[in-house]
Amino acid sequence: MNRMRLRIAERLKESQNAAASLTTFNEIDMSSLMEMRKKYKDEVLKEHDVKLGFMSAFARACALALKEIPAANASIEGDEIVYHDYVDLSVAVATPKGLVTPVVRNAEGMGFVDIEKEIAALGTKARDGKLTLEDMAGGTFTISNGGVFGSLYGTPIINLPQSAVLGMHAIKDKPVVVNGQIVIRPIMVVALTYDHRLLDGREAVTFLVKVRDYIEDPRKMLLALN
């Protein structure tokens, strides 16, 4: 095992041993977000030279939901719970040497385009092996997108000392009931693994439902409505 793989193994096992991990799931109808992305992706690419993906929307949705459920953005230090008034998002990036989690700083104050630019820059640094310790230190919440590899379901492991991690998965067409009619919609299963020492089930489920509601109606993120 190389040094990075040894360090990853050490941190993952530490998380399993220390946290009281529990995972809750939900399904998200991606129709509205996919429509918005289709409508604006070319304009964003032309104006900002960055691809408009789904990660920025989930990052924005999480940042808003974390303000409403602060325990999901907290950490345990000794016998103390430390709450953060900012959102530093750790974004899981797969590299040839292993999984790394560079941090998007102060994501709570960023829009979709700014988040996409930062994620793209960090992803390039990660794949080029140019990430620094500073790039990966101090995140308050993690997002992992196993869907890019085709994962349908998964239970992500908490990135200690954080209290929760959101797992995104592949989008698949499924029959759902809308207004009493069976229709086909693009559905993503999302998972929130959380530390039960910090979050109760009510808070964790509420957080995930808020993320779902923001994604299913992205206009709410512009208005910051609940």
### Query
Quick one: side chain to side chain donor-acceptor pair (under 3.5 Å) partners of Arg127, sequence neighbours excluded?
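Arg127: no side chain to side chain donor-acceptor pair (under 3.5 Å) contacts found.
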### Residues that Ser90 engages under side chain to side chain donor-acceptor pair (under 3.5 Å), provided they are two or more places apart
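Side chain to side chain donor-acceptor pair (under 3.5 Å) list for Ser90, sorted by chain: Gln162.
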Taking [X] for the side chain and [Y] for the main chain, is one N or O donor matched with an acceptor at less than 3.5 Å?
X      : Y      : result
Glu203 : Asp200 : yes
Asp114 : Met110 : no
His84  : Val87  : no
Arg60  : Gly111 : no
Ser15  : Arg11  : no

Between [X] and [Y], is there a shared hydrophobic cluster once you connect ILVMFWY residues whose side-chain heavy atoms come closer than 4.5 Å?
X      : Y      : value
Ile187 : Val178 : yes
Val113 : Leu33  : yes
Val165 : Met136 : no
Tyr40  : Ile119 : yes
Ile158 : Met168 : no

Side chains of [X] and [Y] in contact at under 4.5 Å (non-hydrogen atoms):
X      : Y      : value
Thr124 : Asp128 : yes
Phe58  : Ile28  : yes
Leu131 : Val100 : yes
Leu198 : Ile81  : yes
Leu89  : Val103 : no
Met36  : Phe112 : yes
Asn26  : Val211 : no
Pro218 : Lys220 : no

### Message
Pair Val50, Val44 - check side chain to side chain contact (heavy atoms under 4.5 Å, CB included), show working.
### Response
CA-CA 7 Å; Val50 68; Val44 169; 3.9 Å; yes
### For Phe207, all residues meeting ring-ring contact (aromatic ring centres under 6.0 Å, His included), sequence neighbours excluded
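Result, ring-ring contact (aromatic ring centres under 6.0 Å, His included) vs Phe207: Phe141.
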### Query
Excluding sequence neighbours, so at least two apart, what forms ring-ring contact (aromatic ring centres under 6.0 Å, His included) with His48?
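If we apply the ring-ring contact (aromatic ring centres under 6.0 Å, His included) test to His48, skipping adjacent residues, there are no hits.
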If every non-hydrogen atom of [X] is compared with every non-hydrogen atom of [Y], which pair is closest and at what distance?
X      : Y      : value
Pro70  : Tyr83  : O-CD2, 3.8 Å
Leu160 : Ala19  : CD2-CB, 4.3 Å
Ile215 : Ala61  : CD1-CB, 4.0 Å
Ser56  : Leu52  : OG-CD1, 3.9 Å
Tyr86  : Asn73  : O-ND2, 2.8 Å
Ser31  : Arg185 : OG-CD, 3.3 Å

### Task
Give me the other members of the hydrophobic cluster that Tyr153 sits in, counting Ile, Leu, Val, Met, Phe, Trp and Tyr linked by side-chain heavy atoms under 4.5 Å, directly or via other members.
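Tyr153 shares its hydrophobic cluster with Phe25, Leu152, Val189.
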### Task
Give me the other members of the hydrophobic cluster that Val209 sits in, counting Ile, Leu, Val, Met, Phe, Trp and Tyr linked by side-chain heavy atoms under 4.5 Å, directly or via other members.
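Val209 clusters with Val205.
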What's the separation between atom [atom1] in [X] and atom [atom2] in [Y], rounded to the nearest 0.5 Å?
X      : Y      : atom1 : atom2 : answer
Leu12  : Ile157 : CG    : CD1   : 5.0 Å
Arg197 : Ile76  : CZ    : CD1   : 3.5 Å
Met34  : Lys38  : CE    : NZ    : 9.0 Å
Ser144 : Leu99  : OG    : CG    : 6.0 Å
Met188 : Met30  : CE    : CE    : 4.0 Å
Leu66  : Thr140 : CG    : OG1   : 6.5 Å

### Task
Decide side chain to side chain contact (heavy atoms under 4.5 Å, CB included) for Val190 and Leu208; before the verdict, give the C-alpha distance in whole Å, the side-chain angles of both, and the deciding distance to 0.1 Å.
CA-CA 8 Å; Val190 289; Leu208 200 55; 3.8 Å; yes
Is the closest basic N to carboxylate O distance between [X] and [Y] below 4.0 Å?
X      : Y      : answer
Arg212 : Glu27  : no
Lys125 : Asp135 : yes
Glu108 : Lys67  : no

Are more than 12 heavy atoms from other residues, nucleotides or ligands located less than 6.0 Å from atom [atom1] of [X]?
X      : atom1 : value
Asp49  : CG    : no
Ile182 : CD1   : no
Lys174 : NZ    : yes

#### Entry: Intermediate values then yes/no, salt bridge (Lys or Arg N to Asp or Glu O under 4.0 Å), Glu116 and Lys51
CA-CA 7 Å; Glu116 289 289 1; Lys51 293 181 179 179; over 6 Å; no
#### Entry: side chain to side chain contact (heavy atoms under 4.5 Å, CB included) between Val91 and Thr101, worked out
CA-CA 5 Å; Val91 179; Thr101 51; over 6 Å; no
### Task
Apply the test side chain to side chain donor-acceptor pair (under 3.5 Å) to residues Thr23 and Thr155: give CA-CA distance (whole Å), side-chain angles for both, the deciding distance (0.1 Å), then the verdict.
CA-CA 6 Å; Thr23 304; Thr155 54; 4.9 Å; no
#### Entry: Check: Glu216/Ser32 side-chain N/O donor and acceptor closer than 3.5 Å
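Side-chain D/A pair, Glu216 to Ser32: absent.
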### Query
Just by distance, with hydrogens left out, do Asp195 and Ser163 show a side-chain donor and acceptor under 3.5 Å apart?
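Absent: no donor and acceptor within the cut-off.
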### Query
How far apart are the C-alpha atoms of Leu122 and Glu118, what are their side-chain angles, what is the distance that settles it, and do they pass the side chain to side chain contact (heavy atoms under 4.5 Å, CB included) test?
CA-CA 6 Å; Leu122 290 169; Glu118 187 64 16; 3.9 Å; yes
### Message
Tell me whether the NZ or CZ atom of Arg37 lies within the 45° cone about the ring axis of Phe54 and under 6.0 Å from its centre.
### Response
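Yes; both conditions hold, so Arg37 lies above the ring face of Phe54.
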### Query
Please walk me through it: do Asp217 and Arg219 pass salt bridge (Lys or Arg N to Asp or Glu O under 4.0 Å)?
CA-CA 5 Å; Asp217 188 356; Arg219 294 169 296 184; 2.9 Å; yes
